[in-house]
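Following: one structure in structure tokens, then a few remarks.
Throughout, numbering of the chain's residues begins at 1 and tracks the sequence.
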Amino acid sequence: MNARHRQRPMLVPPPSGDALSHGLAMVTAPVVFGLIGAFLDSRVGTGPIFLLLFAVFGVAASFASAYYRYEYRVTHDEAGKPWTRRGPA
């Protein structure tokens with residue numbers, strides 16, 4: 001095989017398995033939604049109602065995202081394993 005056609009090793013891990021990207025996803029959603037809520041509160045003139053509502057929504061969204069990523073990864077990793085196969089009925 002020609003040296004030019006060899007695959008280079010990956011120097012950066014894929015983002016799907018990177019703990020830093022998962023941690024940032026857990027933090028950025030509530031912060032961004034909280035900032036949007038704070039902006040709306042300043043525009044409308046209310047107290048921290050929108051800030052709290054949007055921040056809680058951001059927390060719920062980040063946990064839902066983590067749950068579905070985990071479920072996808074588990075089903076993908078365990079596909080075809082003996083304990084996932086259905087036996088005869």
Side-chain angles (χ1 to χ4, degrees):
M1 195 169 183
N2 193 342
R4 200 182 330 161
H5 295 291
R6 273 190 263 156
Q7 259 188 338
R8 286 202 233 166
M10 265 180 38
L11 300 175
V12 178
S16 63
D18 188 17
L20 179 64
S21 66
H22 290 294
L24 285 174
M26 292 292 288
V27 171
T28 55
V31 169
V32 168
F33 278 107
L35 289 173
I36 292 170
F39 175 75
L40 287 175
D41 281 332
S42 69
R43 287 294 201 190
V44 177
T46 58
I49 294 170
F50 288 116
L51 180 134
L52 293 173
L53 286 175
F54 277 58
V56 167
F57 177 75
V59 168
S62 65
F63 276 102
S65 172
Y67 173 76
Y68 286 118
R69 278 185 288 174
Y70 172 77
E71 284 294 317
Y72 171 78
R73 191 172 199 171
V74 166
T75 55
H76 186 272
D77 287 345
E78 291 188 349
K81 300 285 173 46
W83 55 86
T84 60
R85 294 185 195 137
R86 301 248 185 224

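Both Leu53 and Val44 are assigned to one and the same hydrophobic cluster, defined by single-linkage of ILVMFWY side chains at heavy-atom distances under 4.5 Å. No continuous path of ILVMFWY side-chain contacts below 4.5 Å connects Tyr68 to Met26, so the two sit in separate hydrophobic clusters. Cluster annotation: Leu40 and Ile49 are assigned to the same hydrophobic cluster (Ile/Leu/Val/Met/Phe/Trp/Tyr, side-chain heavy-atom contacts under 4.5 Å, transitive).
A side-chain donor-acceptor contact under 3.5 Å links Thr75 to the backbone of Glu71.
The heavy-atom pair separating Thr46 from Asp41 by the smallest distance is OG1-OD1, 2.6 Å. The heavy-atom pair separating Ala25 from Arg69 by the smallest distance is CB-NH2, 4.1 Å.
Remark: Val59 pairs with Pro30, Phe63 by the side chain to side chain contact (heavy atoms under 4.5 Å, CB included) rule, at least two apart or across chains. For the side chain to side chain contact (heavy atoms under 4.5 Å, CB included) test, residues two or more places apart in sequence or in another chain that qualify with Val31 are Val27, Leu35.
Between Phe33 and Phe57, the angle of the ring planes goes over 60°, which puts this pair in the perpendicular group of the 30/60° scheme.
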